[in-house]
Novice: 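Let me begin by handing over the structure; questions about it come next.
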Amino acid sequence: MTAALGTTSTSKTLDLGPAVELVSKEEGHRQPLAPEFVSAEDLSPLEVAYDFGRVRREDIEAGPNNIWRYKKLLPVPSTVEQTPNTEPGGTRLVRADRLAKALGVKRVWVKDDTGNPTHSFKDRVVAVALAAAREFGFEVLACPSTGNLANATAAAAARAGWRSVVLIPKSLERAKILTTAVYDGDLVAVDGNYDDVNRLATELAGEHPKWAFVNVNVRPYYSEGSKTLAFEVAEQLGWRLPEQIVVPIASGSQLTKVDKGFRELGQLGLVDASPYKVFGAQATGCSPVSTAFRNGHDVVQPVKPDTIARSLAIGNPADGPYVLDVVNRTGGAIEDVTDEEVVEGIRLLARTEGIFTETAGGVTVATAKKLVEAGKLDPDAETVLLITGDGLKTLDAVENHVGPKATVPPSAEAVAKALGY
């Protein structure tokens with residue numbers, strides 16, 4: 001199957017594949033490809049525009065079993081797979097029949113992104129950011145992070161032979177601190193929440209021209225990596241779109257880019273452009289987008305995060321308004337769940353499908369359950385849940401809820417008695 005999707009292009013000297021320019025989200029102002037993330041014309045976020053040319057299913061299927069099979073749909077060099085990188089993607093799509101029964105849904109698929117190199121979807125976005133940063137001549141890979149991005153950035157920099165500078169809130173989960181520090185980059189804990197850390201990163205990006213802050217000055221390229229979740233889901237379903245998908249919300253970028261990925265596949269003719277609904281999931285302790293949706297607002301009011309789901313604890317989500325646009329356009333909904341429901345979501349996925357997710361995945365599962373019970377998620381529609389990180393990263397969330405059934409002396413009789421056999 002072949003197709004083309006074009007945009008008005010400008011001349012370029014960079015090799016960023018099909019990417020031709022940046023366009024502002026609000027008014028569509030266009031400018032050359034550059035390490036910039038806000039339009040000087042309307043002060044809205046910039047995103048990548050493409051001239052895809054000829055794209056065929058068979059070319060994608062012949063590619064490597066990682067995100068670079070989709071390089072003709074990403075802002076990366078044509079030789080990206082030949083440079084040292086963590087080669088993320090190619091994670092499994094699990095048919096979750098036991099979870100579906102527990103949720104009361106006819107068919108559920110779990111996109112299990114715990115299988116990435118640092119065990120979260122952030123490896124995808126960082127790999128794309130690194131590829132673009134090379135083209136722009138940066139020398140240091142950096143980020144502000146709630147945890148998973150810290151892991152991915154430090155690992156990607158180590159693999160590439162780059163220096164890394166990673167900023168985290170000092171309250172971050174111990175496991176995520178250790179699994180960033182092990183790569184021996186420059187890890188800095190900041191006395192503040194993520195929004196404080198993000199403001200600091202923006203300031204540092206302006207002062208250090210050789211530092212590529214993946215989610216700041218190269219954010220337009222970084223965020224495109226989330227499209228590969230959409231591409232993989234569609235390909236793994238046999239080149240078709242799911243009817244419903246539930247996506248956790250932190251900054252909101254992942255949800256908007258999954259939608260963008262589905263739309264691009266349809267526009268290119270790689271899948272039938274069938275309708276789908278996008279649902280957003282937040283923790284109640286950090287639910288500014290859910291609150292705006294519930295109240296019918298198009299403006300997201302910042303909040304101070306207070307939740308165990310620290311990877312989603314962004315009180316002022318940059319893409320919040322665009323999440324609302326996507327959810328409203330597709331006929332979906334946004335819901336939030338308590339910390340207690342998050343823990344139960346983690347345990348429900350583990351006991352039904354043998355997948356141990358971090359708190360963000362608990363938010364996704366618990367939100368799906370709540371949406372079904374509220375009649376917002378169609379129980380007869382095929383549903384995909386995005387599980388974006390490994391439970392080993394957030395052991396503290398479950399340590400007081402699970403453990404041995406019993407402690408017994410070393411005898412078969414004692415075991416049988418303890419278990420009631």
Side-chain angles (χ1 to χ4, degrees), residues 1-7 9 12 14-20 33 48-95 109-118 121-135 152 156 159-160 221-242 245 254 257-274 276 382 384 386:
M1 180 175 287
T2 64
L5 175 62
T7 64
S9 64
K12 58 173 183 170
L14 299 164
D15 178 8
L16 288 176
V20 293
L33 296 169
V48 180
Y50 298 92
D51 184 355
F52 287 124
R54 188 169 183 249
V55 183
R56 305 185 306 170
R57 284 184 186 174
E58 49 264 44
D59 292 335
I60 292 172
E61 292 167 344
N65 187 33
N66 57 51
I67 64 171
W68 306 135
R69 71 198 283 116
Y70 308 110
K71 66 181 181 180
K72 291 185 177 180
L73 303 173
L74 296 170
V76 297
S78 56
T79 57
V80 63
E81 70 274 25
Q82 299 173 26
T83 55
N85 67 87
T86 58
E87 301 178 358
T91 60
R92 60 184 185 155
L93 183 69
V94 179
R95 179 166 168 171
W109 298 90
V110 169
K111 181 55 173 168
D112 180 13
D113 239 28
T114 67
N116 274 308
T118 67
F121 89 98
K122 290 294 189 180
D123 290 311
R124 298 173 181 270
V125 290
V126 170
V128 175
L130 173 62
R134 279 195 180 103
E135 282 295 297
R159 172 70 178 131
Y221 313 94
Y222 155 93
S223 63
E224 292 291 287
S226 286
K227 294 193 309 183
T228 63
L229 280 161
F231 299 156
E232 284 185 17
V233 165
E235 184 179 356
Q236 290 168 325
L237 287 175
W239 291 109
R240 60 186 178 83
L241 303 181
I245 187 165
Q254 182 187 75
K257 295 307 181 184
V258 166
D259 170 66
K260 186 180 182 185
F262 283 162
R263 287 186 288 118
E264 287 176 353
L265 291 177
Q267 290 164 350
L268 285 163
L270 293 168
V271 300
D272 289 335
S274 56
Y276 57 88
E382 186 174 51
V384 171
L386 294 191

Novice: Show the nearest heavy-atom pair for residues Leu265 and Ala230, with the distance to one decimal.
Specialist: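 What the structure gives for the nearest pair is CD1-O, 4.2 Å.
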Novice: Could you grab the distance from atom CG of Leu270 to atom CZ of Phe52, nearest 0.5 Å is fine?
Specialist: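 Spacing of CG (Leu270) from CZ (Phe52) equals 9.5 Å.
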Novice: Mind checking the CZ-CG spacing from Arg69 to Asp59? Nearest 0.5 Å is all I need.
Specialist: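 Spacing of CZ (Arg69) from CG (Asp59) equals 11.0 Å.
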Novice: So, Asp112 side chain and Val110 main chain: donor-acceptor pair closer than 3.5 Å or not?
Specialist: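 Not confirmed, Asp112 side chain does not pair with Val110 backbone.
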Novice: Do Leu130 and Arg159 make a side-chain contact, defined as non-hydrogen atoms from C-beta onward lying under 4.5 Å apart?
Specialist: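 They are not in side-chain contact.
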Novice: Taking the side chain as every heavy atom from C-beta outward, state whether Ile245 and Phe262 have any pair of such atoms under 4.5 Å apart.
Specialist: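 When only atoms from C-beta onward are counted, Phe262 and Ile245 do touch, with a gap below 4.5 Å.
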Novice: Nearest 0.5 Å, please: how far is CZ in Arg124 from CD in Gln254?
Specialist: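 Between Gln254 CD and Arg124 CZ, I get 9.0 Å after rounding to 0.5 Å.
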Novice: Would you check, one step at a time, whether the test side-chain contact (heavy atoms from CB on, under 4.5 Å) holds for Lys72 with Ile60?
Specialist: CA-CA 8 Å; Lys72 291 185 177 180; Ile60 292 172; over 6 Å; no
Novice: Are the side chain of Asp15 and the backbone of Gly17 linked by a donor-acceptor contact shorter than 3.5 Å?
Specialist: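 It does hold such a pair.
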Novice: Is Glu224 salt-bridged to Lys257, cutoff N-O under 4.0 Å?
Specialist: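 Yes, this pair counts.
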Novice: OH of Tyr50 to CG of Leu16: how many Å apart, nearest 0.5 Å?
Specialist: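 Nearest 0.5 Å value for the OH-CG distance: 9.5 Å.
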Novice: Looking only at side-chain N and O atoms, does Lys122 offer a donor or acceptor that is under 3.5 Å from a partner on Tyr222?
Specialist: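 Indeed, the side chains of Tyr222 and Lys122 share at least one donor-acceptor pair under 3.5 Å.
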Novice: Can you find a pair of side-chain heavy atoms, one from Trp68 and one from Gln82, that are under 4.5 Å apart?
Specialist: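 With C-beta onward as the side chain, the pair stays apart.
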Novice: Looking at Lys227 and Leu73, would you say the former's side chain and the latter's main chain have a donor-acceptor pair under 3.5 Å?
Specialist: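 Flag set: sc Lys227 to bb Leu73 pair under 3.5 Å.
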Novice: Where is the tightest heavy-atom contact between Ala156 and Val126, given as atom of each residue plus distance?
Specialist: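 That closest heavy-atom pairing would be CB-CG1, 3.5 Å.
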Novice: What class does the angle between the rings of Tyr70 and Phe231 fall in, given that below 30° is parallel, 30 to 60° is tilted and above 60° is perpendicular?
Specialist: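 Taking Phe231 first and then Tyr70, their aromatic rings sit tilted (interplane angle of 30° to 60°).
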Novice: Kindly indicate whether the side chain of Ser274, heavy atoms from C-beta on, has any atom under 4.5 Å from the side chain of Arg240.
Specialist: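 Result no, sub-4.5 Å side-chain heavy-atom pair not found.
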Novice: In Å, rounded to the nearest 0.5 Å, how long is the span from CD of Gln236 to CZ of Arg95?
Specialist: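 One finds 15.0 Å between CD of Gln236 and CZ of Arg95.
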Novice: Any side-chain heavy atom of Thr228 within less than 4.5 Å of one from Val128?
Specialist: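 Contact flag for Thr228/Val128 side chains = no.
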Novice: Are the side chains of Val271 and Leu237 in touch, meaning some heavy atoms are under 4.5 Å apart?
Specialist: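 Side chain of Val271 against side chain of Leu237, heavy atoms only: no contact under 4.5 Å found.
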Novice: Could you tell me whether the side chain of Asp123 and the main chain of Thr118 form a donor-acceptor pair under 3.5 Å?
Specialist: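 A pair under 3.5 Å: yes.
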Novice: Please check this pair: side chain of Asn66 against backbone of Pro88, looking for a donor-acceptor N/O pair closer than 3.5 Å.
Specialist: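 No; zero donor-acceptor contacts below 3.5 Å.
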Novice: So, the side chain of Lys71 versus the backbone of Pro77: is there a donor-acceptor pair under 3.5 Å, distance only?
Specialist: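 Not a single qualifying donor-acceptor pair exists.
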Novice: For residues Leu74 and Val80, determine if any side-chain heavy atom of one lies less than 4.5 Å from a side-chain heavy atom of the other.
Specialist: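 Leu74 does not reach Val80 side chain to side chain.
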Novice: Using the side chain to side chain contact (heavy atoms under 4.5 Å, CB included) definition, which of the options Leu33, Val125, Val76 pairs with Tyr221?
Specialist: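 It is Leu33; the other options fail the test.
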Novice: Kindly compute the distance separating CG (Leu386) from CG (Leu229), expressed to the nearest 0.5 Å.
Specialist: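 Those atoms lie 5.5 Å apart.
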Novice: So which atom in Val48 and which in Ala19 form the shortest heavy-atom distance, rounded to 0.1 Å?
Specialist: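 So the minimum-distance heavy-atom pair works out to CG1-CB, 3.6 Å.
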Novice: Could you check if a side-chain atom of Thr91 sits within less than 4.5 angstrom of a side-chain atom of Asn116, using non-hydrogen atoms only?
Specialist: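 Result yes, sub-4.5 Å side-chain heavy-atom pair found.
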